[in-house]
Protein chains: 2
Amino acid sequence: MTMMMHKPSGKGKGSGAMALRHAVLAALLDGEYSGYELAKAFDVGVANFWHAQPQQLYAELTRLEKDGLVTGRQVVQETRPTKRLFTVTDAGLAELQRFAAAAAKPSFIRDDLLVKVQAVDRVDAGPVIAQLEERMAVAAAKTDLFTKILRHLRGDLEEAEFLRTGERIGPYLTCLRGLGFEREHHDWCRSTIAVLRAREKTAGRD
Amino acid sequence: MTMMMHKPSGKGKGSGAMALRHAVLAALLDGEYSGYELAKAFDVGVANFWHAQPQQLYAELTRLEKDGLVTGRQVVQETRPTKRLFTVTDAGLAELQRFAAAAAKPSFIRDDLLVKVQAVDRVDAGPVIAQLEERMAVAAAKTDLFTKILRHLRGDLEEAEFLRTGERIGPYLTCLRGLGFEREHHDWCRSTIAVLRAREKTAGRD
DNA sequence: TCATCATAGTCATCAATCTGACTACTCATG
DNA sequence: CATGAGTAGTCAGATTGATGACTATGATGA
């Protein structure tokens with residue numbers, strides 16, 4: 001029976017998930033960016049919800065322009081190399097709208113360091129503790145950075161007031177998520193280090 | 001000059017990151033699992049730090065066995081299909097040790113839903129709110145699940161006591177991270193929904 | 001002056017992950 | 001006795017993401 005055999009997956013490649021694509025579109029809502037500038041944005045604010053290498057961004061911007069979702073505008077500079085600034089088009093906004101309305105796949109942590117902690121009873125705890133400390137420092141730095149970004153985004157207003165009346169709160173809300181994540185991460189690192197340290201001292205005994 | 005040209009990247013494929021591989025090894029430390037059982041474990045406990053489809057696990061287990069990092073043991077069952085149970089070998093443990101000592105790459109959130117929230121000022125907020133609600137419910141369910149898993153892992157002991165003297169605390173520590181993550185995620189969803197709802201009511205006014 | 005950094009970007013390729021479609025057997029349910 | 005759910009696993013392929021190597025130029029600094 002089996003009504004169909006070797007049907008070559010009629011899904012098409014223009015409609016599916018295409019992860020980076022929407023992250024770039026969303027980041028580009030804040031203004032005109034060149035690939036280079038966008039790469040830097042992806043290292044600070046946007047990093048709360050996505051991360052990508054510059055090369056990926058350049059490639060994605062090219063594809064987005066080809067599909068008419070962004071437009072590029074050449075800017076010749078005297079002292080620096082010529083750059084191309086990109087803006088989201090109406091089609092791009094429509095695509096983003098479509099994406100926002102579609103079901104999101106569940107999120108999950110995916111972290112090398114957690115894999116190491118999972119195995120910490122059976123491998124040397126020393127290096128794991130060292131990496132937890134490094135991670136804790138990074139998380140502390142990010143917490144500071146996000147706090148500053150939030151302050152900058154809301155300007156003079158108090159948070160509650162800004163969230164009620166601000167014009168662009170999307171970046172603020174995602175940054176809040178980033179802040180919460182880093183704080184939680186930092187706390188977990190601290191208490192995990194404490195646990196592992198305490199056990200190292202009593203190793204051999206018992 | 002440029003000392004070297006088109007050198008074909010002497011990195012080799014046996015030594016690099018190979019992400020899934022170590023997650024599987026770490027998960028397999030808890031005992032013998034078949035691919036099928038491991039797939040279920042990856043949907044509950046292990047999901048705190050990694051996620052994978054069953055097909056990926058089968059493929060990875062095959063590779064791991066080929067590389068001598070796990071051994072498979074065929075178990076013929078009367079009533080069910082024959083399965084293969086896998087255990088980590090000494091070489092596997094050594095590999096895990098090597099991995100645990102190597103530098104971890106920084107972790108980051110990568111979440112469709114955050115992309116949507118980033119764009120929420122420019123697209124219809126309705127569907128985004130609906131997805132935040134769904135996500136909040138999932139997070140609440142996971143919080144419950146992790147709380148139960150933690151209780152089960154520590155048995156009769158209190159947490160502090162278990163963390164001091166327990167034999168296998170790796171899974172407990174990663175589960176704590178998962179719990180913190182889900183709680184934080186849940187809270188963020190709740191307050192984000194509240195902000196967006198309040199703004200929807202006053203939309204048009206002002 | 002020579003080296004390095006910052007800007008701005010391209011190309012090619014590899015590795016990792018995800019998806020859909022299969023096989024095969026048993027058990028319970030209607 | 002057909003239907004569907006659960007157990008156990010395989011195969012092929014497409015999509016996504018990450019990496020290394022490269023080209024240019026102007027400014028900064030030892």
Side-chain angles (χ1 to χ4, degrees), chain A residues 1-24 33-43 50-63 65 72-86 105-106 108 110 112, chain B residues 1-24 33-43 50-63 65 72-86 105-106 108 110 112:
Chain A
M1 296 301 137
T2 61
M3 249 159 287
M4 46 192 140
M5 23 195 14
H6 55 261
K7 202 181 63 169
S9 97
K11 215 185 61 177
K13 67 237 164 178
S15 61
M18 219 90 47
L20 220 199
R21 140 154 300 202
H22 301 105
V24 170
Y33 286 104
S34 69
Y36 191 81
E37 288 158 355
L38 197 57
K40 279 187 295 185
F42 262 70
D43 258 17
W50 214 268
H51 175 266
Q53 302 297 306
Q55 295 97 320
Q56 293 175 255
L57 298 177
Y58 285 119
E60 196 58 53
L61 284 169
T62 304
R63 272 192 294 272
E65 196 184 23
R73 179 169 77 84
Q74 195 118 359
V75 174
V76 182
Q77 302 172 110
E78 300 133 36
T79 161
R80 280 150 222 252
T82 298
K83 64 182 174 182
R84 281 158 58 66
L85 295 178
F86 295 92
K105 43 184 92 158
F108 36 78
R110 179 170 277 191
D112 273 8
Chain B
M1 297 299 127
T2 60
M3 251 161 285
M4 46 190 142
M5 23 191 17
H6 54 260
K7 204 182 62 173
S9 95
K11 214 186 63 179
K13 68 235 165 182
S15 61
M18 217 88 50
L20 221 200
R21 137 154 307 200
H22 301 106
V24 170
Y33 285 105
S34 67
Y36 192 81
E37 289 158 355
L38 196 58
K40 278 187 295 187
F42 261 70
D43 257 17
W50 213 267
H51 174 266
Q53 303 297 305
Q55 294 97 318
Q56 293 175 254
L57 298 178
Y58 286 119
E60 195 59 53
L61 284 169
T62 305
R63 273 193 293 273
E65 195 184 25
R73 179 169 76 83
Q74 193 119 2
V75 174
V76 181
Q77 302 174 110
E78 301 134 34
T79 162
R80 277 153 225 250
T82 299
K83 64 181 173 182
R84 283 158 56 67
L85 295 177
F86 294 92
K105 45 183 92 158
F108 36 80
R110 179 171 274 191
D112 272 7

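Just the heavy atoms: all of them, side chains too, but no hydrogens, waters or symmetry mates, feed the values below. So you know, we letter chains A, B, ... as the sequences are listed, proteins then strands, and number each from 1.
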Whole-Å gap separating [atom2] ([N]) and [atom1] ([X]):
X: H51(A); N: dT16(D); atom1: NE2; atom2: P; result: 19 Å
X: E60(A); N: dT15(D); atom1: CD; atom2: C1'; result: 12 Å
X: K105(B); N: dA15(C); atom1: NZ; atom2: C1'; result: 10 Å
X: R63(A); N: dC11(C); atom1: CZ; atom2: C1'; result: 13 Å
X: R110(B); N: dA16(C); atom1: CZ; atom2: C1'; result: 12 Å
X: L20(B); N: dG17(D); atom1: CG; atom2: C1'; result: 15 Å
X: L61(A); N: dC11(C); atom1: CG; atom2: P; result: 14 Å
X: W50(A); N: dA18(D); atom1: CH2; atom2: P; result: 9 Å

List every contact pair, protein side and nucleotides 1-4 of chain D side both N or O, where the distance is under 3.5 Å.
none

Taking only the side-chain nitrogens and oxygens of [X], find out if one of them lies under 4.0 Å from OP1 or OP2 of [N].
X: T79(B); N: dC27(C); answer: yes
X: R21(A); N: dG17(D); answer: no
X: Q56(B); N: dC18(C); answer: yes

| field | ring-ring contact (aromatic ring centres under 6.0 Å, His included) against Y36(A), all qualifying residues, sequence neighbours excluded | value | none
| For E65(A), which residues count as a side-chain hydrogen bond (donor to acceptor under 3.5 Å, both in side chains) partner, sequence neighbours excluded? |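 Checked E65(A) against side-chain hydrogen bond (donor to acceptor under 3.5 Å, both in side chains); matches are R84(A).
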| task | Not counting sequence neighbours, which residues clear side-chain hydrogen bond (donor to acceptor under 3.5 Å, both in side chains) with Q53(B)? List them please. | result | none
| query | Mind checking what makes salt bridge (charged side-chain N to carboxylate O under 4.0 Å, His left out) contact with R110(A), not counting sequence neighbours? | reply | none
| said: So, using salt bridge (charged side-chain N to carboxylate O under 4.0 Å, His left out) as the criterion, who are the partners of R80(B) when residues are at least two apart? | reply: none
| request: Kindly compute the distance separating CD (Q77(A)) from NZ (K83(A)), expressed to the nearest 0.5 Å. | output: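 Those atoms lie 4.5 Å apart.
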| field | Reported CG-to-CD distance for the pair L61(B) and Q56(B), which is rounded to 0.5 angstrom | value | 11.5 Å
Output all residues satisfying side chain to side chain contact (heavy atoms under 4.5 Å, CB included) with [X], sequence neighbours left out; order by chain, then residue number.
X: T82(B); answer: Q74(B), V76(B)
X: P54(B); answer: A39(B), Y58(B)
X: F42(A); answer: L20(A), A23(A), V24(A), A27(A), L38(A), V46(A), W50(A), A52(A), L57(A)

| message | Using heavy-atom distances to pick each residue's nearest nucleotide on DNA chain D, tell me which of Q53(A) and Q55(B) is more 5'. | response | Q55(B)
Check: protein-nucleotides 7-9 of chain C nitrogen or oxygen pairs below 3.5 Å:
| residue | atom | partner | partner atom | Å |
| --- | --- | --- | --- | --- |
| dT7(C) | OP2 | Y36(A) | OH | 2.6 |
| dT7(C) | O5' | Y36(A) | OH | 3.3 |
| dA8(C) | OP1 | Q77(A) | OE1 | 3.4 |
| dA8(C) | OP1 | Q77(A) | NE2 | 2.9 |
| dG9(C) | OP1 | R84(A) | N | 2.7 |
| dG9(C) | OP2 | G35(A) | N | 3.4 |
| dG9(C) | OP2 | Y36(A) | N | 3.2 |

| request: Indicate yes or no: does K40(B) engage E37(B) in a salt bridge with an N to O separation below 4.0 Å. | output: no
| message | Using five base pairs at each end to define the local axes, how bent is the helix from dT1(C)-dA30(D) to dG30(C)-dC1(D), to the nearest 10°? | response |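 The helix from dT1(C)-dA30(D) to dG30(C)-dC1(D) shows an end-to-end axis angle of 30°.
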